[in-house]
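Chain letters run A, B, ... following the sequence lines, proteins first, then strands; residues in each count from 1. Side chains are part of it too, since the values below use all heavy atoms of this structure and drop only hydrogens, waters and symmetry mates. As the structure is a prediction and not an experimental result, all values here were calculated from the model.
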2 protein chains.
Amino acid sequence: MLATYTGVPTVLSADLGSPVTAVEHEDCPVTDVLRRVGDKWSVLIVVLLGRSPRRFNELHRSIEGISQRMLTRTLRGLERDGLVTRSVQPTVPATVEYALSELGGSLLLPLSALTDWVMAHNGDIALSRGRYDSQREDGHMS
Amino acid sequence: MLATYTGVPTVLSADLGSPVTAVEHEDCPVTDVLRRVGDKWSVLIVVLLGRSPRRFNELHRSIEGISQRMLTRTLRGLERDGLVTRSVQPTVPATVEYALSELGGSLLLPLSALTDWVMAHNGDIALSRGRYDSQREDGHMS
DNA sequence: CAGCATCCACGTTGATACTG
DNA sequence: CAGTATCAACGTGGATGCTG
C-alpha cells in the first residue's frame with residue numbers, strides 16, 4: 001500500500017539562483033501557494049468541500065470560530081485561483097453552493113502527502129520541542 | 001516515472017468533528033505545520049540546507065532580502081521542531097553550522113509533492129486569476 | 001441566505017543599533 | 001562571526017452593523 005519512495009526530492013534539483021533574489025522568492029508561484037496553504041482557513045475549507053459541496057451558511061456552521069468575513073474572503077481567494085467553484089441558484093433569497101473544482105480536487109493528493117507526514121512525525125516534533133524548551137528554562141548554562 | 005496514484009486522498013478520510021471546533025483546529029498538529037510551511041522563509045531555508053549545510057552568514061548571503069533577525073528566528077523555530085540541527089565550533093570567533101536533520105530531510109518528500117503540483121498547475125491558476133480579475137473590472141454586470 | 005463595509009487588535013516581518 | 005534588543009510598519013484576521 002505504502003510505496004516507500006526512494007528517489008531524490010525534486011525540490012533539491014529545482015533551479016535556484018545563488019543568492020536567491022528577493023524578486024525570485026516573491027514572484028515564485030510556489031511561494032504563492034505556500035502562503036495560501038499556510039493561511040488560517042483555506043486548507044480546512046478545501047478538505048471540507050472535498051467531502052461534499054456546501055452552501056455558504058452550511059460551511060459557516062461546519063467551522064466553529066470562523067468569521068463571516070474570513071469565510072467570504074477565503075472562498076473568494078480559492079475561487080479566484082480556480083480551486084473552488086461558486087454557483088448561484090436564483091431562488092429567493094439566493095442560494096449559493098460552493099464545491100471543489102477538478103483543480104482543487106487534484107490538490108488533495110499533495111496535501112495528503114503533507115498531512116500524512118505530519119501524522120507520522122508529529123510525535124518526533126513534540127519530543128524535540130520538549131527538549132528544546134526545557135533546555136532554555138532550567139538555567140541554560142553552557 | 002510518474003506513478004499516477006489513484007487512491008482516495010487520506011485527508012478526506014481523516015476524522016473531523018462536525019462542526020470542526022475552534023480548539024480542534026487550533027490544536028491540530030497539521031495546522032501547526034501548515035503555518036510553518038506558510039511562513040515567509042522556512043521552506044526556502046529547509047530546501048537550501050537540504051542541498052548543503054551552511055553557516056549563519058553563508059545562509060544569510062544565500063537569501064537576498066532576509067533580515068538577520070528573521071533568519072535567526074526562522075532557524076530557531078526549525079531547530080526547536082527538530083528539522084534543523086545547529087552545531088557550534090568553538091573557534092574564535094565562533095562558527096555555527098546549520099544542517100537539515102533526518103526529520104527535516106524526510107519533509108522534503110511531501111514538500112516536493114506540493115511543489116510539483118504547483119509547477120504542474122501553475123498555468124491553470126494564472127489563467128483562472130486572469131478570468132476572475134477581468135470579470136470584476138469590466139463592469140461586473142449581471 | 002449570502003454577503004459587504006468599517007474599524008480595530010494582534011502577530012509577523014523589517015530596520016537599526018549594539019555585543020560576546 | 002553569529003547573534004540580541006528595540007522600535008516601527010504592515011498584513012491577517014476578528015467584531016459589528018447593514019443590505020439585496
Side-chain angles (χ1 to χ4, degrees), chain A residues 20-23 25-26 31-45 49 53-80 84-99 136 140-142, chain B residues 20-23 25-26 31-32 34-45 49 53-80 84-99 132 136 140-142:
Chain A
V20 177
T21 71
V23 199
H25 183 242
E26 215 58 38
T31 302
D32 203 65
V33 172
L34 289 182
R35 285 189 81 84
R36 177 165 286 305
V37 160
D39 77 16
K40 192 163 180 181
W41 304 109
S42 286
V43 167
L44 181 55
I45 290 178
L49 290 182
R54 294 161 205 235
R55 287 174 299 102
F56 183 86
N57 278 332
E58 218 171 344
L59 211 37
H60 198 185
R61 281 187 297 269
S62 304
I63 309 172
E64 183 194 305
I66 193 174
S67 64
Q68 212 170 39
R69 170 185 150 83
M70 284 316 295
L71 181 53
T72 303
R73 276 180 55 97
T74 306
L75 285 170
R76 289 288 171 276
L78 293 171
E79 186 197 357
R80 187 173 104 101
V84 157
T85 62
R86 173 179 183 273
S87 43
V88 186
Q89 269 83 28
T91 56
V92 181
T95 312
V96 180
E97 188 170 82
Y98 291 95
R136 324 288 120 172
H140 46 71
M141 65 306 202
S142 61
Chain B
V20 177
T21 72
V23 198
H25 183 243
E26 215 57 38
T31 302
D32 203 66
L34 290 181
R35 285 189 81 83
R36 179 165 287 305
V37 160
D39 77 18
K40 192 164 181 180
W41 304 108
S42 286
V43 167
L44 181 54
I45 290 178
L49 291 181
R54 291 159 207 236
R55 288 175 298 98
F56 184 86
N57 278 332
E58 219 171 343
L59 211 37
H60 198 185
R61 282 186 297 269
S62 305
I63 309 171
E64 183 194 307
I66 194 174
S67 63
Q68 212 169 35
R69 170 183 152 83
M70 284 315 295
L71 181 53
T72 303
R73 277 181 55 96
T74 307
L75 285 170
R76 290 287 172 279
L78 294 171
E79 186 197 357
R80 186 173 105 101
V84 158
T85 62
R86 173 178 182 274
S87 43
V88 186
Q89 269 83 28
T91 57
V92 181
T95 311
V96 180
E97 187 169 82
Y98 290 95
Y132 185 94
R136 324 287 120 174
H140 45 72
M141 64 310 200
S142 63

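Contact footprint of chain A on DNA chain C: nucleotides with an atom under 4.0 Å from a non-hydrogen protein atom, first to last in 5' to 3' order, C/dC1 to C/dT6.
With hydrogens and angles disregarded, no donor-acceptor distance shorter than 3.5 Å links the side chain of B/His25 to the backbone of A/Ile63. Under the 3.5 Å distance criterion, the side-chain polar atoms of B/Thr31 are left unmatched by any main-chain donor or acceptor of B/Glu26.
For A/Ser87, the side-chain contact (heavy atoms from CB on, under 4.5 Å) criterion is met by A/Glu97, not counting sequence neighbours. For the side-chain hydrogen bond (donor to acceptor under 3.5 Å, both in side chains) test, residues two or more places apart in sequence or in another chain that qualify with B/Asp32 are A/Arg129.
Taking 4.5 Å as the limit, some side-chain heavy atom of A/Arg55 sits within range of a side-chain heavy atom of A/Arg61. Side-chain contact between A/Glu58 and A/Tyr98: absent, with no pair of heavy atoms (C-beta onward) separated by less than 4.5 Å.
The CZ atom of A/Arg76 lies 7.5 Å from the CZ atom of B/Arg136; values are rounded to the nearest 0.5 Å. To the nearest 0.5 angstrom, B/Leu78 atom CG is 7.5 Å from B/Asp39 atom CG.
B/Ala94 and B/Val88 make their closest contact through CB-CG1, 4.5 Å (heavy atoms, listed as atom of the first residue, atom of the second, distance).
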Sequence neighbours left out, cut at 3.5 Å: what donor-acceptor pairs do the side chains of residues 64-75 of chain A make with other protein atoms?
residue	atom	partner	partner atom	Å
A/Ser67	OG	A/Met70	N	3.2
A/Thr72	OG1	A/Gln68	O	3.0
A/Thr74	OG1	A/Met70	O	2.6

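To the nearest angstrom, P of D/dA2 lies 14 Å from CZ of B/Arg54. What separates CD of B/Glu26 from P of D/dT12 is a distance of 17 Å, to the nearest Å.
Distances shown here put every side-chain N or O of B/Tyr98 at or beyond 4.0 Å from the OP1 or OP2 atom of D/dC1. A close approach under 4.0 Å does not occur between any side-chain nitrogen or oxygen of B/Arg61 and OP1 or OP2 of D/dA2.
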All N/O pairs under 3.5 Å across the protein-nucleotides 13-17 of chain D interface:
residue	atom	partner	partner atom	Å
D/dG13	OP1	A/Lys40	N	2.9
D/dG13	N7	A/Arg69	NH2	3.3
D/dG14	OP1	A/Lys40	NZ	3.0
D/dG14	OP2	A/Trp41	NE1	3.2
D/dG14	N7	A/Arg69	NE	3.1
D/dG14	O6	A/Arg69	NE	2.9

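In this structure, the helix from C/dC1-D/dG20 to C/dG20-D/dC1 shows an angle of 50° between the axis at its start and the axis at its end, each fitted on 5 base pairs and rounded to 10°.
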